[in-house]
Amino acid sequence: MEQTLSIIKPDAVAKNVIGKIVDRFESNGLRIASMKKIQMSAADAGKFYEVHAQRPFFGELVEFMTSGPVVIIVLEGEDAVAKNRKLMGATNPKEADAGTIRADFAQSIDANAVHGSDSLENAKNEINFFFARREVL
Ligand code: CMP
């Protein structure tokens with residue numbers, strides 16, 4: 001069993017498709033171990049995405065992720081990290097396979113509906129960034 005972190009980004013929250021995205025996870029063998037809606041501060045987003053701090057898109061990324069509420073989810077299941085990434089589709093929705101979350105709900109590489117941890121190690125760090133142990137059940 002693995003756990004991974006998903007973020008439903010401000011664009012998808014604004015489109016009122018939280019439930020539709022959660023259904024993709026639950027219908028594909030992933031379980032919601034924790035879920036909360038938060039407004040990220042610039043400090044939160046900067047720290048969460050610090051690996052991208054030197055990338056040219058960093059400023060826009062922080063601006064976008066703080067533009068409205070997000071839903072933070074801990075997903076659990078067999079091969080949860082890889083399974084979630086498959087369900088999300090490519091980072092750029094224009095390159096995402098048909099039927100993936102990004103193909104169906106995202107507009108652009110910034111407003112790309114969801115984030116998902118890219119490795120088991122990052123998943124652990126990302127879960128610890130947002131959740132206390134007693135909140136993950
Ligand atoms: P995410 O999985 O949340 O991780 C970093 C985010 O940066 C990514 O999704 C995209 O929304 C955003 N981003 C913007 N431009 C790029 C880019 N050129 N390459 C990768 N990610 C980008």
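One-based numbering, in listed order, for ligands and for the atoms of each.
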How close do Thr66 and Glu63 get, heavy atom to heavy atom, and via which atoms?
OG1-O, 3.1 Å
At their closest point, which heavy atom of Met65 faces which heavy atom of Val70, and how far apart are they?
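Taking Met65 first and Val70 second, the nearest heavy atoms are O-CG1, 4.0 Å.
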What class does the angle between the rings of Phe130 and Phe48 fall in, given that below 30° is parallel, 30 to 60° is tilted and above 60° is perpendicular?
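Tilted: the ring planes of Phe130 and Phe48 meet at 30° to 60°.
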Show the protein residues that qualify under the rule heavy atom under 4.0 Å from an atom of ligand 1, listing them in chain and number order.
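The answer is Lys9, Tyr49, His52, Arg55, Phe57, Leu61, Thr91, Arg102, Ile109, Asp110, Asn112, His115, counting any residue whose heavy atom sits under 4.0 Å from ligand 1.
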Please confirm whether the backbone N or O of Ala113 pairs with a side-chain atom of Asp11, one donor and one acceptor, at under 3.5 Å?
yes
Salt-bridge criterion met for Lys20 and Asp104 (N-O under 4.0 Å):
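A salt bridge is absent here (no side-chain N lies under 4.0 Å from a carboxylate O).
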How would you list all residue pairs meeting salt bridge (charged side-chain N to carboxylate O under 4.0 Å, His left out) that involve residues 122-135, not counting sequence neighbours?
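Found Lys36-Glu135.
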